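Just so it is clear, the model here is predicted, and its values are computed rather than measured. Positions are given from 1, in the same order as the sequence printed here.
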Amino acid sequence: MKEEEKIKEVIEKLRPFLISDGGDIEFVKYEDNIVYIRMMGACVNCQMIDFTLKDGIEAAIQEEIPEVLEVVNIGNYDLDMDDM
């Protein structure tokens, strides 16, 4: 299984926990060993977003795919993916 598929699989396992608190997560892309995601819903304004991102999501992904260096939340920005 390719790394990107594994990452998406981990994210899908985490989604129910975020949804239960009114939030959600969307995979955007995986490039140069960095995972780009979009946190949505209640997660956007949550004071715990940094903890959730680094100690929760990033840790879970790195446990399954050690090659991942970082998980970055691009937020609600509609970025040109070539500029990332």
Chemist: Measure the CZ-CD distance between Phe27 and Glu5 for me, rounded to the nearest 0.5 Å.
Modeler: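 Here the interatomic distance stands at 10.5 Å.
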
Chemist: Where the side chain of Arg38 meets the backbone of Glu26, is there a donor-acceptor pair that is under 3.5 Å apart?
Modeler: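 Judged by distance alone, no pair lies under 3.5 Å.
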
Chemist: Would you say Asn73's side chain and Met39's backbone share a donor-acceptor pair under 3.5 angstrom?
Modeler: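 It does hold such a pair.
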
Chemist: Find the distance between CD1 (Ile65) and CD (Glu4) and round it off to the nearest 0.5 Å.
Modeler: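 Interatomic distance, Ile65 CD1 to Glu4 CD, rounded to 0.5 Å: 11.0 Å.
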
Chemist: Does the side chain of Asn33 reach to within under 4.5 Å of the side chain of Val68, using non-hydrogen atoms?
Modeler: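 No - every pair of side-chain heavy atoms lies 4.5 Å or more apart.
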
Chemist: Check the pair Ile37 / Ile74 against side chain to side chain contact (heavy atoms under 4.5 Å, CB included), numbers first and verdict last.
Modeler: CA-CA 6 Å; Ile37 54 107; Ile74 65 164; over 6 Å; no

Chemist: Is the shortest side-chain N to carboxylate O distance from Glu12 to Lys8 below 4.0 Å?
Modeler: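 No salt bridge links Glu12 with Lys8.
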
Chemist: Same hydrophobic cluster for Val28 and Ile34, using side-chain heavy-atom links shorter than 4.5 Å among ILVMFWY?
Modeler: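 Yes; tracing contacts between hydrophobic side chains, which count when under 4.5 Å, links both residues.
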
Chemist: Is a donor on one side and an acceptor on the other found under 3.5 Å between the side chain of Glu58 and the backbone of Glu70?
Modeler: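 Side chain of Glu58 to backbone of Glu70: no pair is present.
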
Chemist: Any sub-3.5 Å donor-acceptor pair from Glu64's side-chain atoms to Ile7's backbone N or O?
Modeler: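 The answer is no, because no donor-acceptor pair under 3.5 Å joins these two groups.
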
Chemist: How far apart are the closest heavy atoms of Ala42 and Asp21, and which atoms are they?
Modeler: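 That closest heavy-atom pairing would be CB-O, 3.5 Å.
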
Chemist: Side chains of Glu31 and Tyr36: is there a donor and an acceptor less than 3.5 Å apart?
Modeler: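 Glu31 vs Tyr36: no donor-acceptor pair found between side chains.
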
Chemist: Check whether any side-chain heavy atom of Cys43 lies under 4.5 Å from a side-chain heavy atom of Leu18, and answer yes or no.
Modeler: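 Touching, per the 4.5 Å side-chain cut-off.
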
Chemist: Quick one: does Asp24's side chain have a donor or acceptor within less than 3.5 Å of a partner on Gly41's backbone?
Modeler: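 Looks like no, no N/O pair under 3.5 Å.
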
Chemist: Apply side chain to side chain contact (heavy atoms under 4.5 Å, CB included) to the pair Lys2 and Tyr30, showing each step before the final yes or no.
Modeler: CA-CA 11 Å; Lys2 292 174 26 179; Tyr30 178 60; over 6 Å; no

Chemist: Mind checking whether Ile57 and Ile19 sit in one hydrophobic cluster, side chains of I, L, V, M, F, W, Y counted as touching below 4.5 Å?
Modeler: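 Per the 4.5 Å side-chain linkage, Ile57 and Ile19 are not co-clustered.
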
Chemist: Does some side-chain heavy atom of Ile11 sit less than 4.5 Å from a side-chain heavy atom of Ile61?
Modeler: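 Yes. Closest side-chain heavy atoms under 4.5 Å.
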
